[in-house]
Amino acid sequence: MFAWDEQYDVIVVGGGHAGCEAAWAAARMGQKTLMVTMNLNTIAQMSCNPAIGGTAKGHLVREIDALGGIMARIIDQTGIQFRMLNRSKGPAVWSPRAQADRTRYGVVMRETLETLPTLEFRQDSVFDILIENQTVKGIRTALGLTIYAKTVVLTTGTFMNGTMHIGLTNMKGGRSGEAASFGITDTLTRHGFVSGRLKTGTPPRIDKRSVDYSKVEEQPGDNPPEPFSFYSPGITTQQISMFMTHTNEQTHEILRTGFDESPMFTGRIQGIGPRYCPSIEDKINRFSEKTSHHLFLEPEGLSTNEMYINGFSTSLPEQVQLKALKTVPGLEKVKLIRPGYAIEYDYFPPFQIRLSMETKLVSGLFFAGQINGTSGYEEAAAQGLMAGINAALKARSEEPVILKRSEAYIGVMIDDLVNKGTDEPYRMFTSRAEHRIALRQDNADRRLMETGFRIGTINSETVGIMRQKKAFIEDLFSRSKTVSVTPDQVNDYLNRIGSSPIEQKTRLSDLLKRPEVGIEGIISQVIDIKEFINNNNRFPSYLADAEIEIKYEGYLARENEQIGKMNQFETLRIPEQIKYEAIKSLSTEGREKLKKIKPETLGQASRISGVTSSDVSVLMIYLRH
């Protein structure tokens with residue numbers, strides 16, 4: 001072993017989605033940062049579905065963007081189909097999704113990271129974390145290097161002691177074609193960390209030329225496509241269609257013939273898989289009454305014939321996978337390029353980290369991504385961003401940034417992980433956010449960009465544009481409450497859209513609260529508002545955001561009142577040295593959970609499963625006295 005001469009502020013271990021955001025954030029904040037990854041050619045590899053966003057996940061990506069992260073900007077440059085999901089429902093659950101050109105996404109991510117002068121790269125495997133007196137000091141690599149740093153961010157993905165399964169065949173690996181990493185789990189458990197095993201899976205890839213497109217349903221994207229990033233002027237990449245088909249009873253019968261060779265059913269896989277993204281064999285076993293399941297055929301890029309089968313994750317033997325696929329409409333002559341497989345890997349239950357992503361046992365050591373038990377690129381990227389931000393702040397001896405549940409989906413996710421833990425891969429859903437009307441994907445910039453500007457991940461020009469947008473929306477909101485319209489001005493429009501005509505002067509905001517009334521249609525009838533819009537013609541795309549604020553005014557007011565009450569608990573901090581054994585009135589379970597989680601505020605304590613309202617009251621009285 002020999003030591004590198006250079007010392008870093010932040011070392012990021014891993015080059016997946018969490019690692020990319022962590023390295024970008026730390027280096028963007030001016031800290032000398034090193035990314036160490038086993039293969040520099042697979043940075044931001046999309047080993048599962050090459051898509052970004054989706055229900056709730058799209059919210060996370062917009063928040064990453066608002067805080068100065070890069071996932072949204074990369075997908076806007078490489079996306080080949082964009083869709084806004086859940087348009088038939090309220091705007092609180094609208095979620096953007098984009099299919100990526102898989103290879104191009106990784107290339108553009110690396111090109112973007114390499115623009116940062118404070119970010120360096122090394123291709124190597126990390127097998128040991130240097131820890132002295134419960135403080136991180138650096139890393140040791142397989143090639144014999146000792147590299148010192150003030151902070152270390154672990155974003156190991158599925159590589160720690162990774163084992164891949166296809167039928168009864170298993171092999172060591174972090175994902176198809178790549179080796180697993182060893183040593184980190186042993187180091188951390190020696191220092192008191194608790195580890196576990198989880199499992200995830202991926203579907204087979206097929207040759208898109210072997211699909212009979214006359215038998216599948218075409219699914220085009222939105223036209224025009226809407227960008228993910230608040231920075232993007234528009235989408236210029238060629239857009240293509242996806243396709244939908246379905247399994248049938250014959251498919252299910254063939255799949256069942258492989259159950260006796262399934263690593264999941266034979267007990268070879270011990271790790272717990274994702275409940276909300278089950279394998280196809282798990283689906284037909286758990287939902288045996290269903291005669292078919294939807295499958296989505298999604299091209300992996302513009303320059304490849306490889307196609308991903310979304311909904312057919314499996315670890316069954318390859319011959320069973322192929323035989324079953326040939327019973328699916330449109331896939332009768334399918335050609336398999338890569339079989340599906342399952343992978344088991346080590347993780348560390350997230351009660352062992354703080355809300356800042358720093359571990360409780362080792363100062364300066366941060367975890368992000370699947371090491372914390374999450375599933376999905378977006379969840380990993382959001383954690384990586386926060387870990388990178390807080391590692392950079394730790395390196396310069398500043399207080400961490402901690403997002404509340406009322407501020408961001410990112411805050412909800414991290415709060416869930418720390419307070420509730422997870423024994424299965426955690427996935428973000430809109431239903432997890434109790435304040436989802438306030439935490440919409442359209443207002444992520446207005447919620448979070450000031451924070452990004454304060455810490456240095458957002459520049460002054462960008463935050464200036466956001467401030468102008470915010471002022472425009474607030475001004476239009478105020479005008480809608482003071483401007484009244486007459487029947488002569490608006491009844492023709494109301495009749496055209498099937499809305500009840502008015503009989504007297506009515507406030508514009510009252511009309512806009514009608515579900516069928518659109519802001520663009522109504523303002524064309526109102527001279528004062530029309531002139532205001534024309535004088536601010538750089539903001540026409542913000543009309544939809546203003547309309548949401550007006551339509552949901554009552555709901556938002558109630559939600560903000562609830563948030564205000566909840567935040568009273570968030571400001572009451574719990575000393576780290578508190579002795580819960582000394583608080584006799586706590587319930588036995590509450591005391592044990594508080595000792596295990598070590599909440600930082602009374603609000604956090606109130607959300608721990610097993611801590612009762614009585615425990616919270618007792619704790620509040622104790623803290624005040």
Side-chain angles (χ1 to χ4, degrees), residues 46 48-58 61 75-89 93-105 202-228 232 234-252 255 277 280 283-284 290-314 321-338 340 377-378 441:
M46 293 179 145
C48 199
N49 190 2
I52 295 296
T55 300
K57 292 171 176 281
V61 181
I75 189 61
D76 283 351
Q77 294 176 66
T78 60
I80 54 178
Q81 190 195 78
F82 290 76
R83 295 180 69 187
M84 184 65 76
L85 306 183
N86 302 324
R87 281 283 195 187
S88 61
K89 301 176 183 177
V93 295
W94 294 353
S95 298
R97 181 191 187 272
Q99 191 76 10
D101 187 312
R102 182 171 177 253
T103 302
R104 185 69 185 143
Y105 184 93
T202 189
R205 263 69 162 188
I206 62 172
D207 190 326
K208 69 181 183 182
R209 295 170 298 183
S210 63
V211 176
D212 183 348
Y213 293 96
S214 67
K215 297 181 179 179
V216 297
E217 180 184 333
E218 183 176 8
Q219 293 198 308
D222 292 342
N223 187 19
E226 185 176 335
F228 258 98
S232 297
I235 304 301
T236 58
T237 308
Q238 178 188 341
Q239 300 294 287
I240 62 176
S241 290
M242 306 292 126
F243 303 90
M244 185 172 72
T245 183
H246 53 85
T247 63
N248 51 56
E249 291 181 326
Q250 186 183 3
T251 315
H252 299 179
L255 290 170
C277 188
I280 188 67
K283 280 193 275 192
I284 65 173
K290 295 198 69 171
T291 57
S292 72
H293 296 278
H294 284 133
L295 301 178
F296 299 90
L297 310 181
E298 300 173 338
E300 296 219 338
L302 300 176
S303 57
T304 179
N305 290 320
E306 203 164 343
M307 181 175 266
Y308 179 95
I309 308 181
N310 195 348
F312 203 89
S313 174
T314 182
Q321 295 182 32
L322 180 59
K323 189 176 180 181
L325 284 174
K326 287 189 172 183
T327 66
V328 172
L331 304 183
E332 292 86 355
K333 298 180 180 180
V334 71
K335 292 186 177 179
L336 208 59
I337 293 178
R338 311 187 210 188
Y377 310 141
E378 303 82 2
Q441 55 84 30

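Computed from a predicted structure; not experimentally measured. Heavy atoms only: backbone and side chains are in, while hydrogens, waters and symmetry mates are out.
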Output the distance between atom CG (Leu302) and atom CD (Gln239), rounded to the nearest 0.5 Å. 8.5 Å

Quick one: does Ile80's side chain get under 4.5 Å of Thr237's, heavy atoms only? yes

Please name all residues satisfying ring-ring contact (aromatic ring centres under 6.0 Å, His included) with His252, sequence neighbours left out, ordered by chain then number. His293

Which atoms form the tightest heavy-atom contact between Ser232 and Asp76, and what is the distance? OG-OD2, 2.5 Å

Do the side chain of Thr245 and the main chain of Pro329 share a donor and acceptor less than 3.5 angstrom apart? yes

Gap separating the CZ atom of Arg338 from the CZ atom of Arg205, nearest 0.5 angstrom: 5.5 Å

Quick one: closest heavy-atom pair of Ala324 and Leu255, and the distance? CB-CD2, 3.6 Å

Would a 4.5 Å heavy-atom cut-off, applied to side chains only, mark Asn310 and Pro203 as touching? no

Around atom CD of Glu249, are there more than 12 heavy atoms of other residues, nucleotides or ligands at under 6.0 Å? no

So if I apply the salt bridge (Lys or Arg N to Asp or Glu O under 4.0 Å) rule between Glu300 and each of Lys208, Arg104, Arg102, which one comes out positive? Arg102

Would you name the heavy atoms of Pro204 and Leu325 that are closest together and state the gap between them? CG-CD1, 3.9 Å

Does any non-hydrogen side-chain atom of Ser95 lie less than 4.5 Å from one of Lys57? no

Do Gln219 and Arg83 come close enough that some side-chain heavy atom pair is under 4.5 Å? yes

Separation between CH2 (Trp94) and CZ (Arg87), nearest 0.5 Å, reads 5.0 Å

For Glu298, is there an ion pair with Arg97 - N to carboxylate O distance below 4.0 angstrom? yes

Who pairs with Tyr105 by ring-ring contact (aromatic ring centres under 6.0 Å, His included), at least two apart in sequence or on another chain? His17

Approximate separation, where rounding is to 0.5 Å, of Asn86 CG and Gln441 CD: 10.5 Å

If you apply the rule side-chain contact (heavy atoms from CB on, under 4.5 Å), what do you find for Gln99 with Asn49, and how did you get there? CA-CA 9 Å; Gln99 191 76 10; Asn49 190 2; 3.5 Å; yes

Taking Gln77 for its side chain and Ile75 for its backbone only, find out whether a donor-acceptor pair lies under 3.5 Å. no

Determine whether a donor-acceptor pair (N or O, by modelled atom type, separation under 3.5 Å) exists between the side chain of Ser210 and the backbone of Lys335. yes

Counting distance only, does the side-chain N/O of Lys283 pair as donor-acceptor with the main-chain N or O of Gly311 below 3.5 Å? yes

Beyond-backbone contact of Phe296 with Met242, side-chain heavy atoms, under 4.5 angstrom: no

Under the side chain to side chain donor-acceptor pair (under 3.5 Å) test, residues paired with Ser241 that sit two or more places apart: Glu218

Kindly write out the residues that satisfy side chain to side chain donor-acceptor pair (under 3.5 Å) with Thr327, not counting sequence neighbours, or none if the list is empty. Thr251

For Lys333, give me all partners under side-chain contact (heavy atoms from CB on, under 4.5 Å), at least two apart in sequence or on another chain. none

To the nearest 0.5 Å, how far apart are OG1 in Thr314 and CD1 in Ile284? 9.0 Å

Which heavy atom of Tyr377 sits nearest a heavy atom of Ala51, and at what distance? CD1-O, 3.5 Å

Does the pair Thr247 and Leu295 meet the rule for a side-chain contact (heavy atoms from CB on, under 4.5 Å), with working shown? CA-CA 7 Å; Thr247 63; Leu295 301 178; 3.7 Å; yes

Do Thr103 and Thr304 have side chains that get closer than 4.5 Å, going by heavy atoms? no

Has the side chain of Asn305 got a donor or acceptor atom that lies under 3.5 Å from a matching backbone atom of Asp207? no

CZ/Phe82 to CD1/Ile52 distance, rounded to the nearest 0.5 angstrom? 10.0 Å

Would you please test Leu297 and Val211 for side-chain contact (heavy atoms from CB on, under 4.5 Å) and show each step? CA-CA 9 Å; Leu297 310 181; Val211 176; 4.0 Å; yes

Testing the basics here: between Gln321 and Gly340, what is the closest heavy-atom pair and its distance to 0.1 Å? OE1-N, 2.8 Å

ring-ring contact (aromatic ring centres under 6.0 Å, His included) with Phe243: which residues, sequence neighbours excluded? Tyr213

With heavy-atom distances below 4.5 Å as the criterion, would you say the side chains of Val334 and Leu322 are in contact? yes

Just wondering, do Thr291 and Asn248 contact through their side chains at under 4.5 Å, heavy atoms? no

Ignoring hydrogens, what is the shortest heavy-atom contact between Ser313 and Thr202? Give both atom names and the distance. OG-N, 3.4 Å

